[in-house]
Amino acid sequence: MAETNAPAPQTPAPQTPAPQTPQPAQKVKTASDSARSILKEFKDFISRGNVLDMAVGIIVGGAFTSIVSSLVDDLLMPLIGTLLVGINFKSLGVTIPWGNHPYLNFGSFIQQVIIFLLTAACVFTLVKTVNKITHKQKAAPKPTKDQELLTEIRDLLKAQAEK
């Protein structure tokens with residue numbers, strides 16, 4: 001039998017686990033912490049200027065919509081009805097002759113479309129006017145450092161020339 005010089009298989013040495021450092025106790029989030037966090041986020045959200053502006057805009061917009069609705073319901077639609085030979089748009093509709101005989105009141109729908117169009121036209125005009133005003137109020141851009149230095153040098157040279 002021939003002898004082989006093959007190395008004997010080695011078994012890996014047992015590794016000892018590294019000593020573990022104690023982990024700090026993780027803070028458990030309680031319901032009161034979560035509520036405080038949500039309240040803080042809500043306070044930050046509400047205190048932003050844009051949110052307050054938006055709230056005022058919504059309130060004023062609601063009041064404006066009621067004015068436009070009154071304009072359409074009380075002034076425009078009676079005039080349009082008079083021009084169209086006495087048609088009352090509030091009662092303009094059709095009854096479907098089958099089933100439980102539903103009444104389709106499309107006159108009211110026409111009024112709501114007119115209210116929407118008038119409101120949209122007023123808002124468009126308002127936004128366009130505000131954009132024109134704010135566009136005119138924009139200040140000239142602030143000069144760069146280089147421009148400031150050049151202006152200073154120019155002023156110094158002008159002052160020396162006058163002496």
Side-chain angles (χ1 to χ4, degrees), residues 15-94 104-163:
Q15 294 181 355
T16 57
Q20 293 182 351
T21 57
Q23 297 289 328
Q26 291 183 350
K27 184 178 179 184
V28 177
K29 208 171 196 181
T30 62
S32 64
D33 291 340
S34 181
R36 271 190 232 121
S37 173
I38 290 172
L39 284 175
K40 183 182 181 314
E41 286 180 46
F42 183 71
K43 179 186 164 207
D44 293 343
F45 174 76
I46 287 298
S47 63
R48 288 187 202 144
N50 293 342
V51 174
L52 295 174
D53 292 343
M54 183 181 67
V56 169
I58 289 171
I59 292 168
V60 170
F64 182 71
T65 301
S66 66
I67 291 170
V68 172
S69 295
S70 176
L71 172 73
V72 170
D73 292 343
D74 301 331
L75 298 175
L76 291 179
M77 295 314 282
L79 288 174
I80 292 172
T82 303
L83 294 175
L84 296 176
V85 191
I87 296 175
N88 181 3
F89 276 89
K90 287 187 179 182
S91 64
L92 188 61
V94 64
L104 301 178
N105 189 2
F106 56 84
S108 179
F109 175 74
I110 291 171
Q111 279 186 285
Q112 295 305 315
V113 169
I114 292 172
I115 289 171
F116 170 76
L117 292 174
L118 285 174
T119 305
C122 290
V123 169
F124 172 75
T125 305
L126 178 70
V127 169
K128 192 171 181 176
T129 304
V130 168
N131 284 342
K132 280 184 180 180
I133 291 170
T134 57
H135 182 66
K136 289 179 182 177
Q137 290 179 351
K138 285 185 181 176
K142 185 177 179 183
T144 62
K145 285 275 193 187
D146 293 341
Q147 291 172 336
E148 288 177 7
L149 288 173
L150 287 171
T151 304
E152 240 179 86
I153 292 170
R154 182 197 65 202
D155 293 343
L156 288 172
L157 290 173
K158 191 185 280 186
Q160 277 183 348
E162 290 175 359
K163 286 183 182 180

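Numbers here are sequence positions counted from 1. Only this structure's heavy atoms are used, side chains among them; waters, hydrogens and symmetry mates stay out.
- Counting non-hydrogen atoms of other residues, nucleotides and ligands closer than 6.0 Å to CZ of Phe106 gives a total above 12.
- Every residue was checked against the side chain to side chain donor-acceptor pair (under 3.5 Å) condition with Ser108, not counting sequence neighbours, and none meets it.
- In this structure, CD1 in Ile38 is found 11.0 Å from CG in Asp33, a value given to the nearest 0.5 Å.
- For the side chain to side chain donor-acceptor pair (under 3.5 Å) test, no residue two or more places apart in sequence or in another chain qualifies with Lys145.
- Residues in residues 110-127 take part in these side-chain hydrogen bond (donor to acceptor under 3.5 Å, both in side chains) pairs, two or more places apart or across chains: Asp73-Gln111.
- Interatomic distance, Ser69 OG to Asp74 CG, rounded to the nearest 0.5 Å: 9.5 Å.
- Here the straight-line distance linking atom CG of Leu118 with atom CG of Leu76 works out to 6.0 Å at 0.5 Å rounding.
- Residues passing the side chain to side chain donor-acceptor pair (under 3.5 Å) test with Asp155: none are found, sequence neighbours excluded.
- With sequence neighbours excluded, the residues forming a side-chain contact (heavy atoms from CB on, under 4.5 Å) with Thr144 are Asp146, Gln147, listed by chain and number.
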Using residues 59-68 as the side-chain source, report each donor-acceptor pair under 3.5 Å to any protein atom, sequence neighbours left out, with the distance given to one decimal.
{"unit_1": "Thr65", "atom_1": "OG1", "unit_2": "Gly61", "atom_2": "O", "d": "2.8"}
{"unit_1": "Ser66", "atom_1": "OG", "unit_2": "Ala63", "atom_2": "O", "d": "2.6"}

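- Considering only residues two or more places apart in sequence or on other chains, Lys128 meets the salt bridge (Lys or Arg N to Asp or Glu O under 4.0 Å) condition with none of them.
- Every residue was checked against the side-chain contact (heavy atoms from CB on, under 4.5 Å) condition with Leu149, not counting sequence neighbours, and none meets it.
- Shown here are the side-chain contact (heavy atoms from CB on, under 4.5 Å) partners of Leu157, two or more places apart in sequence or in another chain: Ile153, Gln160.
- In this structure, Ile110 CD1 and Ile115 CD1 are separated by 12.5 Å, a value rounded to the nearest 0.5 Å.
- Judged as a side-chain contact (heavy atoms from CB on, under 4.5 Å), and not counting sequence neighbours, the contacts of Leu117 are Val113.
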